[in-house]
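Structure record follows, encoded as structure tokens.
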Amino acid sequence: KAHRKKERKPRRKSCQRQDLYVDFSDVNWDDWIVAPHGYHAFYCNGECPFPLAEYMNATNHAIVQTLVNSVDPSLTPKPCCVPTELSPIAMLYVDECELVVLKTYQQMAVEGCGCR
Amino acid sequence: RASAMIPEIGRNNLIEQAAKYGTNTREDEIVNEFEKKLLNMFGLTRRPTPNEDMPIPRIMQHLYKAHMGDTSDGPHDLYPGWEPGFDLPSDDIASTVNTARSFHHKDEFERIEGLPDHHIRLLFNISTLPPNENLKYAELLLHREEIKQHVSLPDEDRMQRINIYEVIKFPDDDVTDTSSFDDVTEEQNRILEIVNKRRNKFGSQKMREPITRLVATRLVDTSNTTWERFDVSAETQKWLKDKNHGLVVEIVRDGDESTPAPDVTSHVRLRRDVRNENEPREWHHKRPLLLTYTHDGKETNLSRRSRKKR
């Protein structure tokens, strides 16, 4: 009855948003940034395999690139997993003139990833 | 390299990575370029290195919390005497700006020759505002603390008037020009003092008082504690283009404009209170403040953020 399980290759994760918390003390910026102490920046990682699922937000270009890759991988790699939507964060900090500044910075955190 | 944007370990790793590129540019130059990009991203010219004990005005901390939509621990709970109504400027303004900066006045210029002692000059050096930022709004904040003895007084005795004047011109702008007051050295101050003494000795035909213009007036009740906010956008705009002589504030009894109000120092915090042992830390949080609101052209704003559940 010995049943040998079919060994499967571990499936690589498909393109999705991954956790990344940027702690300002890790980069020694905590002496001039008052708030926040850090923020969830996230990052995008994973494969963009065929078939490109709906949630991968593939562009027409990515679909064509997938097709070309399927014909001859030496012509082009598969599409890349990249941020498709970013959001701003606000920071309270002391500037180089020792003025206290509250400012919002665009494109600081990943909201969504996709295959591009 | 305490003043570098990139920590030492990160710098070394980046130099190693740059070396693999095999370009003609030196690895440390490539990393320096990256460091410049980081500074540009924040609109900085160099890495800030503030003093460890530099106090951050509570108003700015509150503005940050207000922007984040954090009302869980209102500032009135954290700081006794805080006005609960204090908030970001109206959304009409907050939605058109993405940067707020706080400026303290230069204490050393708070007296003006030719004006009565109870007239306090507030001179803010806003010359460090980045030229690529568009000034949309500016407000002057004055902190008032209740005068406990006034609580039981009748209404008419509790009321005082705050008058804010813009200093348009000094009798002799060349001598009293303070547009570059950051660069005034001790030697220049000494010369200015001698010039003024000589003028007093020999008499001057010129008008002694500066020309001022009333920009705001408000009747206040001395039996409560709050921050008074005055729109000084027009004046601040002028300072960016022309000479900056600052503002003058006077507090007078209501109905008797010629008499300075008593207990001014303990009511409206225009000056340090040497009798208070908690100074100067308390002074830092309650001293007059100029808040400027600017926009740098990037697609963000300071509107109150809605709390999103991820």
Side-chain angles (χ1 to χ4, degrees), chain A residues 13 15-46 55 57 80-114, chain B residues 1-10 38-39 41-52 54-57 59-68 88 97-104 125-130 133 182 289 291-294 296 298-303 305 308 310:
Chain A
K13 272 189 178 172
C15 175
Q16 58 184 283
R17 194 172 73 159
Q18 315 283 335
D19 284 335
L20 167 64
Y21 181 78
V22 176
D23 189 328
F24 291 132
S25 64
D26 287 344
V27 288
N28 295 351
W29 288 2
D30 52 335
D31 59 337
W32 62 278
I33 298 179
V34 180
H37 297 306
Y39 74 105
H40 292 280
F42 302 101
Y43 70 98
C44 297
N45 196 23
Y55 70 87
N57 294 316
C80 291
C81 178
V82 293
T84 52
E85 195 191 342
L86 294 148
S87 60
I89 65 161
M91 283 168 53
L92 182 66
Y93 65 89
V94 182
D95 74 5
E96 66 268 54
C97 306
E98 299 222 332
L99 291 174
V100 180
V101 183
L102 168 65
K103 193 175 177 80
T104 50
Y105 291 96
Q106 61 180 2
Q107 301 175 344
M108 293 292 282
V110 175
E111 289 293 318
C113 299
Chain B
R1 296 197 61 85
S3 62
M5 284 293 274
I6 308 169
E8 196 64 40
I9 186 167
L38 277 173
L39 288 168
M41 196 176 105
F42 290 107
L44 299 169
T45 51
R46 59 186 160 82
R47 186 197 191 282
T49 49
N51 285 330
E52 250 177 57
M54 182 184 158
I56 307 299
I59 288 277
M60 293 304 285
Q61 296 177 40
H62 176 54
L63 285 184
Y64 172 75
K65 291 180 83 175
H67 169 70
M68 298 305 288
L88 284 164
V97 299
N98 65 3
T99 310
R101 271 188 189 78
S102 61
F103 294 86
H104 287 142
N125 179 7
I126 58 163
S127 64
T128 51
L129 272 177
E133 291 188 16
D182 250 6
L289 209 61
L291 292 187
T292 61
Y293 298 89
T294 56
D296 62 5
K298 308 276 169 61
E299 285 175 13
T300 56
N301 63 56
L302 278 185
S303 294
R305 279 185 59 175
K308 270 200 285 188
R310 294 196 184 277

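Values below: all heavy atoms of this structure, side chains included; hydrogens, waters and symmetry mates excluded. First the proteins, then the strands, lettered A, B, ... as listed; each starts at 1.
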For B:Leu289, is it the side chain, the backbone, both or neither that has a heavy atom under 4.5 Å from a heavy atom of chain A?
neither

Of all heavy-atom pairs linking A:Asp95 and B:Arg101, the shortest is OD2-NE, 4.2 Å

Applying side chain to side chain contact (heavy atoms under 4.5 Å, CB included), name anything that partners A:Asn45, two or more places apart in sequence or on another chain.
A:Gln18, A:Tyr43

Side chain, backbone, both or neither of A:Val34 within contact of chain B (heavy atoms, under 4.5 Å):
side chain

For the candidates A:Asp26, A:Ile89, A:Leu99, which exhibits the highest count of non-hydrogen atom pairs separated by less than 4.5 Å from chain B?
A:Leu99

Interatomic distance, B:Leu291 atom CG to A:Leu102 atom CG [nearest 0.5 angstrom]:
10.0 Å

Looking at B:Met41 and A:Tyr105, what are the two nearest heavy atoms and their distance?
O-CE2, 3.3 Å

Please name the pair of heavy atoms, one in A:Lys103 and one in B:Thr99, separated by the smallest distance, quoted to 0.1 Å.
NZ-OG1, 2.9 Å

Using the test side chain to side chain contact (heavy atoms under 4.5 Å, CB included), find all partners of B:Thr45 that sit at least two apart in sequence or belong to another chain.
A:Glu96

Shortest non-hydrogen pair, A:Trp29 vs B:Met5, comes out as NE1-O, 2.8 Å

Contacting region of B:Asp296 [heavy-atom separation from chain A under 4.5 Å]
side chain

Looking only at non-hydrogen atoms, find the nearest pair between A:Tyr93 and B:Phe42 and report the distance.
OH-O, 3.6 Å

Here the pair of heavy atoms bringing B:Pro50 nearest to A:Asp31 is CG-O, 3.2 Å

What option among A:Asn28, A:Val94, A:Val100 has the most heavy-atom pairs under 4.5 Å with chain B?
A:Val100

